[in-house]
Protein chains: 2
Amino acid sequence: MPDTPPSLDPVQLGTYFDLIEVTSLLRHAVEQQLRQAGDLSYVQFQLLARLGDAPAGSHRMTDLADGVVYSRSGLTYQAGLLEKAGLVVRSTSPDDERSVTVTITDAGRARLAQVLPGHVEVVSSLLFEPLSRTDVETLAGLLAPVRDHMRSAPPRSAAPRRRRQG
Amino acid sequence: MPDTPPSLDPVQLGTYFDLIEVTSLLRHAVEQQLRQAGDLSYVQFQLLARLGDAPAGSHRMTDLADGVVYSRSGLTYQAGLLEKAGLVVRSTSPDDERSVTVTITDAGRARLAQVLPGHVEVVSSLLFEPLSRTDVETLAGLLAPVRDHMRSAPPRSAAPRRRRQG
DNA sequence: TATTGTTATACTCTATAACTATA
DNA sequence: TATAGTTATAGAGTATAACAATA
């Protein structure tokens with residue numbers, strides 16, 4: 001990395017700050033809504049939503065962890081909470097006895113449905129209100145390559161999800 | 001709120017998800033860098049950076065809290081950590097005996113300088129690499145109105161910073 | 001009476017390492 | 001030997017409420 005730019009230009013800096021500020025505020029608002037409307041943290045909501053979208057309402061623990069970026073123990077903790085609340089069920093996978101399949105329950109789907117309208121409303125009114133349809137499309141077009149780049153090129157500091165050399 | 005859209009259209013939904021994913025990954029990477037390069041959390045970095053930018057390297061506690069969105073007790077906690085580390089100093093404000101002025105120390109500035117290059121490098125390589133100069137300008141143009149909108153129109157759920165009716 | 005800040009406290013979340021069990 | 005998941009444990013961060021002091 002010989003010629004890495006030593007600094008961000010003013011536009012980049014401002015963009016970075018705005019990005020952080022905007023998503024912090026959005027995240028904060030969404031978390032409050034989820035907690036209030038359905039006693040869910042954002043992570044728990046993400047897990048439920050992901051399961052709700054899955055074909056059989058199921059995922060392996062590892063697949064869930066891959067999507068949510070957390071440590072496996074963190075996922076175990078959250079899955080435990082969701083299970084205790086009756087929103088998911090865990091069972092040993094039939095094909096691989098090491099794996100655990102997490103499945104959303106009817107109560108889990110109900111909770112999701114209970115929370116979703118308010119969630120959508122917060123995102124809609126907070127993030128999208130000042131953006132036209134064209135704006136949103138432009139934004140999507142800018143975020144997609146960044147997303148792909150981040151997925152494919154984790155920085156040296158980021159812990160690889162699988163490989164572990166210790 | 002009679003005619004709030006009942007749902008997000010697919011483009012909005014995808015944009016929202018990408019935004020969350022991108023900033024989560026970015027935030028995660030930056031936090032690791034800050035922790036590793038200077039034993040700072042992101043919040044602590046934000047506080048130091050804000051003080052470093054201030055005219056006299058000082059801010060009142062309340063002004064800091066306003067910028068960082070946290071509860072006052074949370075700020076007291078963080079300020080305590082920074083002070084214990086010798087990176088800031090707290091003193092009673094001369095003009096208002098209730099207020100506390102937080103000032104960054106030389107060690108604080110040094111820590112900031114120690115951490116900044118790596119910080120910039122992470123942001124640069126992770127967020128800006130796949131974006132052209134024009135892209136960044138476009139992104140800035142989209143984020144600015146959203147930022148202003150969020151600042152001015154906190155959702156019903158967001159706790160107002162000052163007013164408290166309890 | 002309102003504002004500024006601290007303290008006490010409790011809780012949530014995250015991460016590391018050690019451990020079990022299956023492939 | 002590598003992978004899947006759990007457990008124990010420890011630490012950081014956050015929020016609420018009660019508090020003290022100044023305006």
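The figures that follow rest on heavy atoms only: side chains count, while hydrogens, waters and symmetry mates do not. Here the structure is a predicted model, which means the values were calculated and not measured.
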Going through the distances and angles, do A/Gln44 and A/Asp39 end up as a side-chain contact (heavy atoms from CB on, under 4.5 Å)? CA-CA 9 Å; A/Gln44 288 159 6; A/Asp39 195 36; over 6 Å; no
side-chain contact (heavy atoms from CB on, under 4.5 Å), that's the test. Do A/His119 and B/Tyr16 meet it? Break it down for me. CA-CA 12 Å; A/His119 182 86; B/Tyr16 165 53; 2.9 Å; yes
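At least one side-chain nitrogen or oxygen of B/Ser41 sits closer than 4.0 Å to the OP1 or OP2 atom of D/dG13. Applying the 4.0 Å criterion to OP1 and OP2 of D/dT6, one finds that A/Arg90 has a side-chain N or O inside that range. Taking only side-chain nitrogens and oxygens, A/Arg35 comes nearer than 4.0 Å to OP1 or OP2 of C/dC13. Residue B/His28 places at least one side-chain N or O under 4.0 Å from the OP1 or OP2 atom of C/dA15. Residue A/Arg72 places none of its side-chain N or O atoms closer than 4.0 Å to OP1 or OP2 of D/dT3. OP1 or OP2 of D/dT14 lies within a sub-4.0 Å distance of a side-chain N or O belonging to B/Gln78.
A donor and an acceptor atom never sit less than 3.5 Å apart when one is taken from the side chain of B/Ser73 and the other from the base of D/dT14.
In this structure, a donor-acceptor pair under 3.5 Å is present between the side chains of B/Thr101 and B/Ser93.
Closest to the side chain of A/Gln44, out of D/dA2, C/dT4, C/dC13, is C/dC13.
Whole-Å rounding puts the B/Lys84 NZ to C/dT6 P distance at 14 Å. C/dT7 atom P lies 10 Å from atom CD of B/Glu83, rounded to whole Å. C/dT4 atom P lies 9 Å from atom CG of B/Asp66, rounded to whole Å. Regarding A/Met61, its CE atom lies at a distance of 17 Å from the P atom of C/dT22, rounded to whole Å.
Comparing B/Glu97 and B/Ser71 against DNA chain D, the residue whose closest nucleotide sits nearer the 5' end is B/Ser71. Residue order along DNA chain C, read from the 5' end via each residue's closest nucleotide, puts A/Tyr42 first among A/Tyr42 and A/Asp95. Between A/Tyr77 and A/Arg98, the one whose closest nucleotide on DNA chain D sits nearer the 5' end is A/Arg98.
The residues A/Arg35 and A/Glu31 are annotated as not salt-bridged, no charged nitrogen and carboxylate oxygen being separated by less than 4.0 angstrom.
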